[in-house]
Amino acid sequence: MSHGPVVIVDFGAQYNQLIARRIREQHVFCEVIPARRAAERLAEVDPSALVLSGGPMSVYDENAPAVDPAWLDGRVPVLAICYGLQAVVRAEGGEVVPALRREYGRAPLTLKEPVHPLLQGMPPTSTVWMSHGDEVRRLPAGYRLLASTPECGPAVIARADGRVLGVQFHPEVRHTEAGLTLLENFLVRVAGVPQDWTPSHFVPDAVARIQEEVGSAEALVALSGGVDSAVAAALAQRALGDRLHAVMVDNGLLRAGEVEEVRRAFPELDLTVIDARGRFVAALAGIVDPEQKRRIVGREFIRVFEEAARAHAEGVECLIQGTVYPDVIESGGGGAATIKSHHNVGGLPDDVAFRLVEPLSLLFKDEVRQVGETLGLPSALVWRQPFPGPGLSVRILGEVTAERLEVLRQADAIVRAELAGPEWDREIWQAFAVLPGIRSVGVMGDHRTYGETVIVRAVSSDDGMTADWVRLPHEVLDRLATRLVGEVAAVNRVVYDITSKPPGTIEWE
Ligand code: XMP
């Protein structure tokens with residue numbers, strides 16, 4: 001049988017990344033391919049199983065994506081989810097109709113055939129998550145019902161040959177209690193896919209692929225201090241040795257110690273650190289609008305990088321980038337064509353014609369971290385918290401100056417030091433200091449002070465989309481206040497931000 005990837009044909013579902021995540025969690029490699037490009041990609045990869053995703057349309061909409069009958073020829077096992085199921089029913093001659101009531105939310109699933117390989121180990125009844133407006137009225141010939149819910153009828157169906165299976169609910173979302181069991185059953189019991197994929201297997205393959213793509217050329221990598229570019233660089237270094245050159249732009253908006261951290265992590269790398277601190281502060285002079293700050297930092301970065309690329313691009317043909325899978329999927333991607341049009345650095349000058357090499361473009365963030373650990377990168381770099389591209393400039397409200405940057409850098413280092421360690425790493429998504437530009441009156445010793453306020457922000461989050469403030473113990477808050485006022489000369493007051501997201505955002509600008 002095929003040992004190609006499991007391919008998720010994407011009909012536009014909001015949950016498609018989640019399907020990929022859940023399959024990877026079963027140690028099975030998978031790819032997400034947009035439906036319009038599926039035929040081409042499936043011919044290339046010889047998939048071991050197909051998952052047809054949900055999607056926002058009705059199968060009767062004009063231009064609604066359809067299931068290619070060739071996918072259902074029985075050679076490759078198919079699991080069709082939500083819209084995917086309805087498209088299969090339609091392709092196989094059954095009937096799909098608009099439901100009287102759109103079914104959205106939790107529903108109780110009752111198994112009719114609990115011994116079926118797809119359903120083994122699932123409880124006789126469990127909660128599933130539904131989200132659909134159409135429903136199956138009549139199954140195609142040769143299909144039977146394996147499980148149902150009171151509202152929608154056929155919730156799980158199977159073709160007689162056992163090669164095509166469909167679920168109306170979303171097994172990939174956490175609200176579906178036995179969803180992971182069902183997905184694992186499909187992969188292992190139905191499709192017989194080996195569960196042998198781990199990020200460490202990825203390293204030799206990725207190294208070989210970089211060698212193949214770069215050939216005998218030289219390559220350039222831009223290091224930001226973040227985990228993605230660091231892991232991409234470490235892989236490229238293994239692949240290319242001294243044919244790899246690295247550039248890091250010190251824009252003065254980095255946190256304390258970042259440049260040194262990168263230097264320490266890559267002792268052998270040909271690394272050029274470009275000191276552009278003055279240039280960024282000059283460009284930000286007098287600017288108080290957050291969006292304008294972001295635009296200016298982005299623009300200056302591209303200019304500095306352009307100059308560096310020209311200076312270092314002598315004989316360099318390839319640019320290594322740490323683009324990760326969510327970026328690729330979000331930009332409509334999967335597969336080489338869109339990966340090429342998507343780039344992080346952006347706006348490279350026309351006369352610097354690089355070939356882009358993106359070794360992490362099929363990995364999720366936590367997989368990138370595991371690869372980083374496998375490669376022996378320092379944990380501080382591998383487990384680094386997210387940090388905005390515009391850096392400290394969006395944590396200084398009002399004008400950004402070299403002096404205020406220095407105050408914030410010191411305050412930020414104290415917050416990070418106090419909230420470091422395993423007990424916090426699990427709970428804290430990001431912890432940092434903000435300089436709101438509020439001055440207040442205080443008293444230190446016998447003197448009146450009129451100093452800066454520091455806001456401490458610590459949030460927990462799964463993905464940065466929503467967040468909650470961390471219930472820091474009073475002793476920790478006390479130590480933070482004492483250290484910030486005692487050690488950062490300009491600061492005389494400390495406050496703690498207790499706003500969740502929504503309604504707040506994680507950053508202040
Ligand atoms: P907000 O403030 O929108 O932030 O709740 C959500 C997450 O995104 C990070 N962030 C950025 N990351 N460039 C980035 O690479 C940016 O311009 C940027 N702005 C915010 C933020 O740190 C948080 O993790």
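All values reported here derive from a predicted model rather than from experimental measurement. Ligands are counted one by one from 1 in listed order, and the atoms in each one are counted from 1 as well. Quick note: residue numbers are just sequence positions, from 1.
- Relative to the ring axis of Trp469, Arg471 places its NZ or CZ within 45° and under 6.0 Å from the centre.
- A donor-acceptor pair is defined here as one N or O able to donate and one able to accept, closer than 3.5 Å; such a pair exists between the side chain of Arg404 and the backbone of Glu399.
- Using a 4.0 Å heavy-atom cutoff, Trp508 is absent from the residues neighbouring ligand 1.
- Each of the following atoms of ligand 1 lies closer than 4.0 Å to a heavy atom of Gly464: 6 (C).
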Does the pair Glu300 and Arg303 meet the rule for a salt bridge (charged side-chain N to carboxylate O under 4.0 Å, His left out), with working shown?
CA-CA 5 Å; Glu300 289 302 308; Arg303 290 201 183 143; 3.7 Å; yes

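- In terms of protein heavy-atom proximity, atom 24 (O) of ligand 1 is nearest to Gln430 OE1, 2.8 Å.
- At least one cation-pi condition fails for Arg106 and Trp129: the charged atom is not both under 6.0 angstrom from the six-membered ring centre and inside a 45 degree cone around its axis.
- Of the protein's heavy atoms, Glu507 N, 2.8 Å lies nearest to atom 2 (O) of ligand 1.
- Heavy-atom proximity to Pro390, at under 4.0 Å, picks out these atoms of ligand 1: 13 (N), 16 (C), 17 (O).
- Proximity to Pro386 (heavy-atom distance under 4.0 Å) selects the following atoms of ligand 1: 24 (O).
- A cation-pi arrangement is found for Arg395 relative to Phe432, the charged atom lying closer than 6.0 Å to the ring centre and inside a 45° cone about the ring normal.
- Glu367 contributes atom CD, which lies 9.0 Å from atom CD of Glu25 (distance to the nearest 0.5 angstrom).
- Counting protein heavy atoms only, atom 14 (C) of ligand 1 is closest to Gly389 N, 3.3 Å.
- Under a 4.0 Å N-O distance rule, the pair Lys501/Asp468 does not qualify as a salt bridge.
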With salt bridge (charged side-chain N to carboxylate O under 4.0 Å, His left out) as the test, would you mind laying out the steps for Arg310 and Glu307 before giving the verdict?
CA-CA 5 Å; Arg310 280 204 191 86; Glu307 285 167 22; over 6 Å; no

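- Within the 4.0 angstrom cut-off, atom 22 (O) of ligand 1 has one or more protein heavy-atom neighbours.
- Classification of the Phe29-Trp197 ring pair by plane angle, with boundaries at 30° and 60°, yields tilted.
- Annotation: atom 10 (N) of ligand 1 to nearest protein heavy atom, Pro388 CB, 3.9 Å.
- Which parts of ligand 1 touch Thr505 is read off a 4.0 Å heavy-atom cut-off, strictly below it: atoms 1 (P), 2 (O), 5 (O).
- Among all protein heavy atoms, the one lying closest to atom 16 (C) of ligand 1 is Arg294 NH1, 3.4 Å.
- Looking only at protein heavy atoms, the nearest one to atom 3 (O) of ligand 1 is Lys501 NZ, 3.6 Å.
- For ligand 1, one of its N or O atoms has an N or O atom of Ile506 under 3.5 Å away.
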